[in-house]
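Chain letters run A, B, ... following the sequence lines, proteins first, then strands; residues in each count from 1.
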Protein chains: 2
Amino acid sequence: MTNHIKVERAIKNITQEELARQIGVTRQAINSIELNKYVPSTLLALKISRYFGKTVNEIFSLEDSD
Amino acid sequence: MTNHIKVERAIKNITQEELARQIGVTRQAINSIELNKYVPSTLLALKISRYFGKTVNEIFSLEDSD
DNA sequence: TCTTTATGTAATTTATATATTACATTTGGA
DNA sequence: TCCAAATGTAATATATAAATTACATAAAGA
């Protein structure tokens, strides 16, 4: 699984810290998710989805390895 | 957060066990998710999304309490 | 170059998702 | 009514998400 949160952040021009604040998690959580260090919960994905105004499927996607 | 996996299953007319098998988790995992006992990972949500041919956002949704 | 801001990373701890095994309950059909 | 399938539930174990704290690095501007 991968994601393009980094791109979405770039579009909105906000930092990891600001996104973390808006979503209600730590900056490290956002950083780790961006770098695919772990898979976020669906709750978190939905909050990110809501913040960026895009579906979870538009932001996160399955890979062949999944 | 809530979901209507149960409805999607009813539409496809499959059991929790069959869905679990298709997705690659245990039946208890599906059961617990349907009953909102815990929040699945985004990976699992995407697999469920793919299986039902609907977006994660169509199947899972945030509630006021989230 | 110095400073600041953003990002990457690492260790430890805590909460919780998921597996496993097993049993109870419900439901629908024969 | 009986039986079987489907679903609900529970206990324990394991894996991992996320918090916390802290430090290192990178980048960009003064």
Side-chain angles (χ1 to χ4, degrees):
Chain A
M1 203 195 72
T2 190
N3 70 82
H4 34 80
I5 294 175
K6 194 167 196 164
V7 174
E8 298 298 334
R9 273 201 308 108
I11 293 171
K12 281 222 172 195
N13 193 33
I14 57 162
T15 65
Q16 291 180 345
E17 188 156 31
E18 176 61 14
L19 176 59
R21 219 178 47 72
Q22 297 281 342
I23 302 301
V25 292
T26 61
R27 177 181 69 78
Q28 283 77 355
I30 297 295
N31 184 267
S32 296
I33 293 164
E34 275 194 9
L35 300 181
N36 294 305
K37 291 205 179 156
Y38 61 65
V39 174
S41 71
T42 300
L43 181 60
L44 220 170
L46 282 174
K47 287 181 179 177
I48 291 171
S49 162
R50 177 174 59 185
Y51 180 80
F52 288 124
K54 304 205 171 172
T55 66
V56 170
N57 299 67
E58 284 170 331
I59 301 169
F60 296 87
S61 47
L62 292 173
E63 287 178 306
D64 295 340
S65 53
D66 295 322
Chain B
M1 203 195 72
T2 189
N3 69 82
H4 35 78
I5 293 175
K6 194 167 197 164
V7 173
E8 297 299 335
R9 271 200 311 108
I11 292 172
K12 282 224 172 194
N13 192 34
I14 56 162
T15 65
Q16 291 181 345
E17 189 156 30
E18 176 61 13
L19 177 58
R21 220 179 47 73
Q22 296 283 341
I23 302 300
V25 293
T26 62
R27 177 181 68 79
Q28 285 77 355
I30 297 296
N31 184 267
S32 296
I33 293 164
E34 275 194 9
L35 301 180
N36 293 305
K37 291 205 180 157
Y38 62 63
V39 175
S41 72
T42 300
L43 182 59
L44 221 170
L46 283 173
K47 288 181 178 176
I48 292 171
S49 161
R50 178 175 59 185
Y51 180 80
F52 287 123
K54 303 203 173 174
T55 66
V56 169
N57 300 67
E58 283 169 331
I59 301 169
F60 296 88
S61 47
L62 292 173
E63 288 177 305
D64 295 340
S65 53
D66 295 323

Protein-nucleotide distance (A:Glu18, atom CD; C:dT5, atom C1'), rounded to Å: 14 Å
Start and end of the DNA chain D segment that chain B contacts, any atom under 4.0 Å from a heavy atom: D:dA6 to D:dA10
Contact under 4.0 Å: A:Arg9 side-chain N or O vs C:dA6 OP1/OP2: no
Reported CD1-to-CG distance for the pair A:Ile30 and A:Leu44, which is rounded to 0.5 angstrom: 6.0 Å
Sugar-phosphate, base or nothing in reach of A:Thr15, heavy atoms under 4.0 Å: sugar-phosphate
More than 12 heavy atoms of other groups within 6.0 Å of B:Glu34 CD: yes
Test item: B:Leu43 and A:Leu62 side chains (from C-beta on) under 4.5 Å apart, heavy atoms: yes
Side-chain heavy atoms of A:Tyr51 within contact of A:Glu8, under 4.5 Å: no
Donor-acceptor pair (no angle test) under 3.5 Å: B:Gln28 side chain, C:dT21 base: yes
Rounded (10°) bend between the five-pair end axes of the helix from C:dT1-D:dA30 to C:dA30-D:dT1: 50°
4.5 Å side-chain heavy-atom contact, B:Thr55 and A:Val56: no
Whole-Å distance separating the CZ atom of A:Arg21 from the C1' atom of C:dT5: 16 Å
Within residues 37-45 of chain A, residues whose heavy atoms come under 4.0 Å of DNA chain C: A:Lys37
Nearest-angstrom distance from the residue atom CD of B:Glu34 to C1' of C:dT18: 16 Å
Gap between atoms CD1 and P, on A:Ile5 and C:dA6 respectively (whole Å): 18 Å
Side chain proximity check, B:Ile33 to A:Thr42, heavy atoms < 4.5 angstrom: no
B:Ser49 vs B:Phe60 side-chain heavy atoms within contact, under 4.5 Å: no
Within one Ile-Leu-Val-Met-Phe-Trp-Tyr cluster: B:Ile23 and B:Leu35, side-chain cutoff 4.5 Å: no
Heavy-atom pair with the smallest gap, counting every atom of A:Asp66 and B:Lys47: C-CE, 4.1 Å
Test item: A:Glu18 and A:Arg9 side chains (from C-beta on) under 4.5 Å apart, heavy atoms: no
A:Arg27 or B:Leu35, whichever maps to the more 5' nucleotide of DNA chain D: B:Leu35
Close side-chain approach of A:Phe52 and A:Ile11, heavy atoms under 4.5 Å: no
Separation of C:dA19 C1' from B:Ile30 CD1 (nearest whole Å): 13 Å
